[in-house]
Amino acid sequence: MKITVTVNGTDHARVVEPRLLLIHFLRDDLGLTGSHWGCDTSNCGACVVWLDEAPVKSCTVLAVMADGRRVTTVEGLAAGGALDPVQEAFAECHGLQCGFCTPAMMMTARWLLDNNPDPTAAEVREAISGQVCRCTGYENIVRSVLRAAKQDSGAAGAVPWLRPGEGAAIGGVEGLPCFPGGLPHALGGPRGDHSPGEGTA
Ligand code: FES
Ligand code: FES
């Protein structure tokens, strides 16, 4: 079937098999490997993207179901070369370890903050409850989202986000980026040689 999907603002016309999943269309046909394929059974949530304005697990959506619709992936988070506050907050608060869950976590986080600009920690946990992180224990993910909410509102500078001594432990302190060499692929940066903390495409 021929489909046309608008992905991160660009129209893509392709002929696809009716059984092709959206996650494979994004990764294999379009080369957008920021969205990850973890389980294929709708359990892990590593494949979350937006279909129009709503987060979906793209392993549960056929590519043909996206025909004529808009898809937003982690590669579309940074607008005009400027990182989204969610990307900045995940880097600053160390909201990732291996990075496998991170792109999808950030897509859900941006959706949450667009619909609930000042969430509680419990509301953040509920929003990401369908997504699994095997590394972080979720604490820094929640803090990252809350930090991004403050950045969105312009109040980030007033928000302490590291406990005493934690900056040295995680390799970053307030005002200094955790990734001075550039944003890793897991946070929406360009794909390059794999390095520790960069995540798996
Ligand atoms: Fe889609 Fe795991 S790959 S939920
Ligand atoms: Fe979440 Fe590794 S699975 S950072």
Side-chain angles (χ1 to χ4, degrees), residues 5 7 16-17 19-52 54-66 69 71-75 77 83-84 86-112 121 124-148 161-162 166 169-172 177-179 183-189 191-192 194-201:
V5 185
V7 181
V16 301
E17 288 191 42
R19 64 179 180 175
L20 182 69
L21 297 175
L22 180 58
I23 181 65
H24 299 310
F25 176 72
L26 295 170
R27 289 179 57 88
D28 301 336
D29 288 46
L30 302 187
L32 296 172
T33 56
S35 303
H36 292 160
W37 179 38
C39 68
D40 209 11
T41 54
S42 192
N43 284 303
C44 75
C47 61
V48 168
V49 300
W50 290 9
L51 184 59
D52 294 330
V56 296
K57 291 179 175 177
S58 58
C59 75
T60 68
V61 177
L62 295 169
V64 295
M65 296 166 67
R69 301 177 70 177
V71 171
T72 306
T73 71
V74 69
E75 289 90 346
L77 262 188
L83 296 181
D84 188 281
V86 167
Q87 293 171 297
E88 293 182 337
F90 269 72
E92 292 170 349
C93 297
H94 208 70
L96 70 153
Q97 289 184 27
C98 79
F100 193 83
C101 72
T102 311
M105 289 287 186
M106 294 195 302
M107 295 309 292
T108 298
R110 174 39 62 205
W111 172 84
L112 172 66
V124 174
R125 290 183 184 278
E126 181 179 4
I128 63 172
S129 61
Q131 297 171 236
V132 174
C133 176
R134 65 188 176 185
C135 304
T136 67
Y138 301 97
E139 182 68 18
N140 279 0
I141 293 175
V142 173
R143 293 168 67 208
S144 298
V145 180
L146 296 177
R147 167 77 170 174
W161 56 273
L162 290 175
E166 192 173 10
I170 66 172
C178 289
F179 303 101
L183 201 68
H185 185 58
L187 285 168
R191 187 173 185 174
H194 183 77
S195 60
E198 186 182 29
T200 307

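As the structure lists them, so they are numbered: ligands from 1, and atoms in each ligand from 1. Along the sequence shown, residues are numbered consecutively beginning with 1. All values below come from the heavy atoms of this structure, side chains included, with hydrogens, waters and symmetry mates left out.
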Closest approach of [X] to [Y] (non-hydrogen atoms, all atoms of both residues):
X: Cys44; Y: Cys39; answer: N-SG, 3.4 Å
X: Val48; Y: Lys57; answer: CG2-CG, 4.0 Å
X: Thr41; Y: Cys59; answer: N-SG, 4.3 Å

Under 4.0 Å from a heavy atom of [X]: give me the atoms of ligand 1 that qualify, with their elements.
X: Cys39; answer: 2 (Fe), 3 (S), 4 (S)
X: Gly45; answer: 2 (Fe), 4 (S)
X: Ser42; answer: 4 (S)
X: Cys44; answer: 2 (Fe), 3 (S), 4 (S)
X: Asn43; answer: 4 (S)
X: Asp40; answer: 2 (Fe), 3 (S)
X: Trp37; answer: 3 (S)

Under a 3.5 Å distance rule, please check whether [X] uses its side chain to pair with a backbone N or O of [Y] as donor and acceptor.
X: Trp111; Y: Ala54; result: no
X: His36; Y: Phe100; result: yes
X: Thr136; Y: Gly95; result: no
X: Gln131; Y: Ile128; result: no

Next item on the list: Around atom 3 (S) of ligand 2, find the nearest protein heavy atom and jot down its residue, atom name and distance.
Entry: Arg134 N, 3.3 Å
Checklist line | Residue and atom name of the nearest protein heavy atom (relative to atom 4 (S) of ligand 2), distance in Å to one decimal | finding: Gln97 N, 3.2 Å
Note to self: To the closest 0.5 Å, what do you measure between CD (Glu139) and SG (Cys133)?
What the structure shows: 12.0 Å
Note to self: Give the atom numbers and elements of ligand 2 that come within less than 4.0 Å of a heavy atom of Cys135.
What the structure shows: 2 (Fe), 3 (S), 4 (S)
Checklist line | Sub-4.0 Å atoms of ligand 2 with respect to non-hydrogen atoms of Gly99 | finding: 2 (Fe), 4 (S)
Check: Backbone or side chain, does Cys133 get an N/O/S atom under 2.8 Å to atom 2 (Fe) of ligand 2?
Finding: no
Margin query: Between Cys47 and atom 1 (Fe) of ligand 1, is there a contact where an N/O/S atom of the residue lies under 2.8 Å from the metal?
Written below: yes
Check: Has Cys59 got an N, O or S atom lying less than 2.8 Å from atom 1 (Fe) of ligand 1?
Finding: yes
Checklist line | Selection from Gly38, Cys101, Cys98 by shortest heavy-atom distance to atom 1 (Fe) of ligand 2 | finding: Cys101
